[in-house]
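Chain letters run A, B, ... following the sequence lines, proteins first, then strands; residues in each count from 1.
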Amino acid sequence: MKQTILTVTENAPLTSSVYRMRLRGDIGANRPGQFAEVSLPGLFLRRPISVCCAEGDTLTLIYKVVGRGTELMTRLPIGEKLDVLTCLGNGYDLEASAEKPLLVGGGVGVPPLYYLAKELINKGKSVSVVLGFNTRDEIFYENEFASLGCRVTVTTADGSCGIKGFVTDALPEDADYFYACGPLPMLKALYRAADIPGEMSFEERMGCGFGACMGCSMMTRSGAKRVCKDGPVFKKEALLW
Amino acid sequence: MKQTILTVTENAPLTSSVYRMRLRGDIGANRPGQFAEVSLPGLFLRRPISVCCAEGDTLTLIYKVVGRGTELMTRLPIGEKLDVLTCLGNGYDLEASAEKPLLVGGGVGVPPLYYLAKELINKGKSVSVVLGFNTRDEIFYENEFASLGCRVTVTTADGSCGIKGFVTDALPEDADYFYACGPLPMLKALYRAADIPGEMSFEERMGCGFGACMGCSMMTRSGAKRVCKDGPVFKKEALLW
Amino acid sequence: MVNTKVDLLGITLDNPVIPASGTFGFGYEFAELYDINCLGTFSFKGTTRESRFGNPTPRIAECTAGMINAVGLQNPGVDAVINEELPKLKKVFHKPVMANVSGFSVEDYAYTCALLDREEQVGWLEVNVSCPNVHGGGMSFGTEPDAAAEVTRAVKAVTTKPVIIKLSPNVKDIAAIAKACERAGADGISLINTLLGMRIDLKTGRPVIANTMGGFSGPAIFPVALRMVYQVSKAVGIPVVGMGGVSCAEDVIEMMMAGASAVEVGAANLVDPYASKKIVEALPAAMEKYGINDLNDIIGKAH
Amino acid sequence: MVNTKVDLLGITLDNPVIPASGTFGFGYEFAELYDINCLGTFSFKGTTRESRFGNPTPRIAECTAGMINAVGLQNPGVDAVINEELPKLKKVFHKPVMANVSGFSVEDYAYTCALLDREEQVGWLEVNVSCPNVHGGGMSFGTEPDAAAEVTRAVKAVTTKPVIIKLSPNVKDIAAIAKACERAGADGISLINTLLGMRIDLKTGRPVIANTMGGFSGPAIFPVALRMVYQVSKAVGIPVVGMGGVSCAEDVIEMMMAGASAVEVGAANLVDPYASKKIVEALPAAMEKYGINDLNDIIGKAH
Ligand SMILES: Cc1cc2nc3c(=O)[nH]c(=O)nc-3n(C[C@H](O)[C@H](O)[C@H](O)COP(=O)(O)OP(=O)(O)OC[C@H]3O[C@@H](n4cnc5c(N)ncnc54)[C@H](O)[C@@H]3O)c2cc1C
Ligand SMILES: Cc1cc2nc3c(=O)[nH]c(=O)nc-3n(C[C@H](O)[C@H](O)[C@H](O)COP(=O)(O)OP(=O)(O)OC[C@H]3O[C@@H](n4cnc5c(N)ncnc54)[C@H](O)[C@@H]3O)c2cc1C
Ligand SMILES: Cc1cc2nc3c(=O)[nH]c(=O)nc-3n(C[C@H](O)[C@H](O)[C@H](O)COP(=O)(O)O)c2cc1C
Ligand SMILES: Cc1cc2nc3c(=O)[nH]c(=O)nc-3n(C[C@H](O)[C@H](O)[C@H](O)COP(=O)(O)O)c2cc1C
Ligand code: FES
Ligand code: FES
């Protein structure tokens, strides 16, 4: 964990409700699957947002506007300085996959998979990505994953783009390990559908984000774990589903 | 009373702890002796500051750094927008003086007298001003009063400039009416020393500043009065001293 | 078009927004600023049998997201309220007004309420039982179920209009006190009054407030107020008027979901004189944002 | 050079700053960030006889200038605390630690305290009487003078180290409860625990917290905490540890002026992991600003 002051260098919409924010400064050594906790002026608790990319001095976050904090984020101008905790959580286990990792993301679960895909490709793996959205207008980052060299499949619940249905309707056959992030119903469906091992990232309301308050606990096969510190990524076999 | 959004156009120190702030916008029709209530980011209550001058679209305030709010004010940059209530309180009675008004101010009680002096001189009156400070370094606005055409006397408690002593040691003989603003001990001393009629401006901790909460009440000969709405200026004969 | 109309004990309010007692005077200061008929109603300054200057000053202290007041019920007394304030109010406000009453003995309450009950413009009596009980050793009437019930019965015996008992939050079990009032005949409950709070001036080491302590209110107390509105509205069968820290239309909606039939706005009026008007105006858009067509549908939704 | 050293029941603290129970784990997460020996001491996570998962999630809700938690005393149980947590703590923290204990029966409290009392690194026992009394109908021990006194007596009977009783603010008369604990043998009082609060999710109309309500803390509660510290320290003759909303060195000074001998910092640690360290570092300059040479001179200055 690292407490740092970062400067907003980009803050623009990707879709009608999803924004990308780039922050510059001493961002620390972030691993894929880790998250940041952003302090926002006037709000007490920080907001946890996954690391979408971390390169050099630039941290990329992608966030969906859902409430007061994320609405406020959209109004932060370029040049604004933010107090951010970075390098939070365990992150994905890059060594767990053999050769053919499958990345499955739904909605704003997609962003952390981008950084993961990048690192897996750097390791020479053949990466497949399945991205699930509700409808065509909500799609983002399809091209970015393709540019990395991933095999990308998009699903939309209403069929307005890509395969009609859910991510579980479009899982490739040949993957040896999955990495997932998305809404709970998606994670549960994937858990049931996938017969390969894998790991998934969870969300919980957080008090601190670094393991101090026990606000974010989740019961697993090996006892109570903190989503913020022991997670947010948990292996499939740890889940009590 | 007027609620308005004003832009900081100047915010600079006059002495080590006294600052002048100029605000531009639709300031309303302020009379001398009235005050403004400034809303400051992150603080709940507004801060009451006397109108030092109000001309055209510019409101001038002079404030002393005494606590969190005024400290915060010093850090407001040019261009900052502030939510301000203006035209608060009754203001001085410009008709009360015959020909030779005497203005007596102590410390940050001096600012409202500047606007008053200006208006009295506009009315053709011969204005004397006695300004009391603790020491030479705390003096401000002596020249500004002189430039208006006032007869100015300065007193310092330590004798480092002007007459050594208090304002009451320097009252001119020929005045027919006094207007005062300053710390309570000065007002009380003046009340005892002056044998002419007059009026003085009071301070009290305020909840609203516009007469709604009864936070600022003061007992007078004509019953309980609100410093913010029935005052801050009260006639000498109204006081229960 | 969403519906903001709610019923409060037989009177229809155009909207549930009610400036709280002690933060809206007798309406004038605000009537100079805007047409106060846009409000549901308002609760006027706490009125007592005799006129009162209240406590010595300073009576106000600033806090994070709130303030402390120790005004001490300054008011001109019930006769002056009836003979001077209400006639003036009639000219600018054409709706029933909520009469807020305080007292230092059961007889005080009954006396003052009986007089105000006869006034045409008074729609409801809001009986503030947070005052110290002079005959009962200084503890507030509102902190003991029996004392609160006694005031309720005494007021109900001499009045015909709906009686709303306003409760203090400085208690262990506010629902028990509400239930005692309900059993004693209260038509409604309003809550919360201020939390007892204190600040010290670091420069002097002395309390900021001349009276040492005072009533803490503003956005900071909202979660406590919301919890108590929830507890009380679950415990009683009579309407509940919620307040404490409300400063925007979303807060009004949250209070109603907790169980409030109408919502009072206090300290917010002091820092923004247009606060109540802005909340009334923002309410329809906030309702639409959360898919609410009729405010009556959400009262107690969280139960 | 100003003096920040204070005595807490026979142990000298380098400074009065103490991270509060539940916001500092068992010290590790913070020892990774800075040398926690700069602190006066800290109070570790509330420990119970058996291990507990605590309440269902969501357990956290945001509020204006504060937060609600409903963690529900998640902890590994006293045996694991003694056998696993304390040995690890010893490596990074070389001062006496405050052992925070909770229980659901008088026997629970006595059992857990007796075990922790034997641990060398434990300097004080901080007994949190805010838990529901399972045998007494679910009301918290801390809301009844008799129940709080009973816990105090039971713990004192089986321990040798100073016992500090930590009080709940959700009561009418906190000084009466403090006095009952003092009479029952408490060596000190700490307060306040969290205020009972609630939030509702406007999108669903349901409480944000799975358990409906939770404990509200953070800067918003400071004026209530300060008032209670003042009331209790005036009422008792034993040392008082003050807390509730403290987030800067000025707040520490204000709490001490109200009567606190030492000051705990809770929620502030969660939003800024360096908060307690920053307060320790800012304290000397803040003292100088207000002309304070020795913190011992200002304890209870406002009385
Ligand atoms: C590890 C982790 C990674 C995340 N990564 C992303 C991301 O990359 N992009 C993205 O858009 N969102 C992400 N989220 C969800 C994001 O944290 C919430 O959408 C955001 O906190 C909502 O804040 P708000 O003020 O707009 O909403 P409000 O509902 O007003 O927030 C109120 C409170 O609830 C909390 N909260 C609300 N929703 C959530 C949630 N889903 N998860 C955790 N806390 C919540 C807020 O943090 C705040 O404390 C992540 C959450 C976690 C736990
Ligand atoms: C009608 C009126 C006119 C004033 N005009 C001026 C002026 O022209 N220039 C100037 O420097 N000061 C003036 N003051 C005093 C000024 O309001 C205070 O110095 C200022 O509010 C202090 O704020 P703070 O946050 O720095 O201090 P803090 O002590 O941190 O403030 C805490 C709270 O106490 C209130 N407060 C503190 N001191 C005073 C005080 N003396 N009077 C009223 N409230 C106070 C603050 O407004 C705030 O609510 C005036 C006060 C009044 C009532
Ligand atoms: C300055 C002030 C004066 C008040 N006077 C009264 C009063 O006379 N009678 C009463 O019942 N409540 C009085 N109250 C309490 C409010 O009506 C309200 O219950 C409380 O402030 C909580 O609401 P808020 O957080 O919105 O301010 C007063 C509050 C303030 C701030
Ligand atoms: C997340 C969280 C967990 C807490 N757990 C405990 C606990 O286990 N035992 C206890 O005595 N107090 C506990 N508390 C209460 C704090 O120790 C403290 O009394 C309270 O939060 C007020 O201080 P604050 O406003 O600085 O947070 C907890 C508080 C928080 C925020
Ligand atoms: S959010 Fe505090 S422990 Fe996870
Ligand atoms: S400050 Fe509210 S009436 Fe004067």
Side-chain angles (χ1 to χ4, degrees), chain C residues 61-68 139-140 143-144 168-173 195-207 212-214 216 218-231 245 247 250-251 253-258 286 289-292 297-298 300-303, chain D residues 61-68 139-140 143-144 168-173 195-207 212-214 216 218-231 245 247 250-251 253-258 286 289-292 297-298 300-303:
Chain C
E62 171 158 288
C63 305
T64 300
M67 60 179 283
I68 293 173
M139 250 316 164
S140 138
T143 59
E144 288 299 339
S168 161
N170 302 299
V171 297
K172 186 176 75 177
D173 183 1
L195 286 165
L196 196 56
M198 177 174 172
R199 292 304 305 273
I200 295 168
D201 184 340
L202 297 193
K203 289 184 199 136
T204 61
R206 306 298 316 153
T212 308
M213 300 170 202
F216 175 41
I221 72 168
F222 183 75
V224 174
L226 191 85
R227 180 262 296 183
M228 291 185 165
V229 167
Y230 178 89
Q231 290 179 316
S247 64
E250 277 79 5
D251 294 345
I253 293 175
E254 200 169 331
M255 273 287 177
M256 295 186 78
M257 286 176 164
K289 179 168 174 189
Y290 295 102
I292 302 161
D297 297 342
I298 64 163
K301 190 173 174 196
H303 286 186
Chain D
E62 171 158 290
C63 306
T64 299
M67 59 179 283
I68 293 173
M139 249 316 164
S140 139
T143 58
E144 287 298 340
S168 161
N170 301 301
V171 298
K172 186 174 77 178
D173 183 0
L195 286 164
L196 196 56
M198 178 173 171
R199 292 304 304 274
I200 295 167
D201 183 340
L202 297 193
K203 289 182 197 138
T204 61
R206 305 300 313 156
T212 307
M213 300 170 201
F216 174 40
I221 73 168
F222 183 76
V224 174
L226 192 86
R227 180 263 294 185
M228 290 185 165
V229 166
Y230 177 88
Q231 290 178 315
S247 64
E250 276 80 7
D251 294 346
I253 294 175
E254 200 168 330
M255 274 287 177
M256 295 186 79
M257 287 176 163
K289 179 169 173 187
Y290 294 103
I292 303 162
D297 296 343
I298 63 163
K301 190 172 175 196
H303 286 186

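The only option from C:Arg199, C:Arg206, C:Lys203 that meets the salt bridge (charged side-chain N to carboxylate O under 4.0 Å, His left out) definition with D:Glu254 turns out to be C:Arg199.
Of the listed residues C:Arg227, C:Lys289, C:His303, the one with more heavy-atom pairs under 4.5 angstrom with chain D than any other is C:Arg227. Put simply, of C:Leu202, C:Val224, C:Asp173, the one with the most heavy-atom pairs under 4.5 Å next to chain D is C:Leu202.
Heavy-atom distances place both the backbone and the side chain of D:Ile200 under 4.5 Å from chain C. Contacts between C:Ala65 and chain D at a heavy-atom distance below 4.5 Å involve the side chain alone, from C-beta outward. Residue contact with chain D, scored on non-hydrogen atoms closer than 4.5 Å, is absent for C:Glu62. With a threshold of 4.5 angstrom between heavy atoms, C:Thr212 approaches chain D through side-chain atoms but not through N, CA, C or O. Contact of C:Ile68 with chain D is made through the side chain alone, with heavy-atom distances under 4.5 Å.
Looking only at side-chain heavy atoms (C-beta outward), D:Leu196 and C:Gln231 come within less than 4.5 Å of each other. Put simply, the side chain of C:Tyr230 reaches to within 4.5 Å of the side chain of D:Met213, judged on heavy atoms.
Pairing each heavy atom of D:Cys63 with each of C:Pro223, the nearest pair is SG-CG, 3.5 Å. Pairing each heavy atom of C:Asp201 with each of D:Met257, the nearest pair is O-SD, 4.4 Å.
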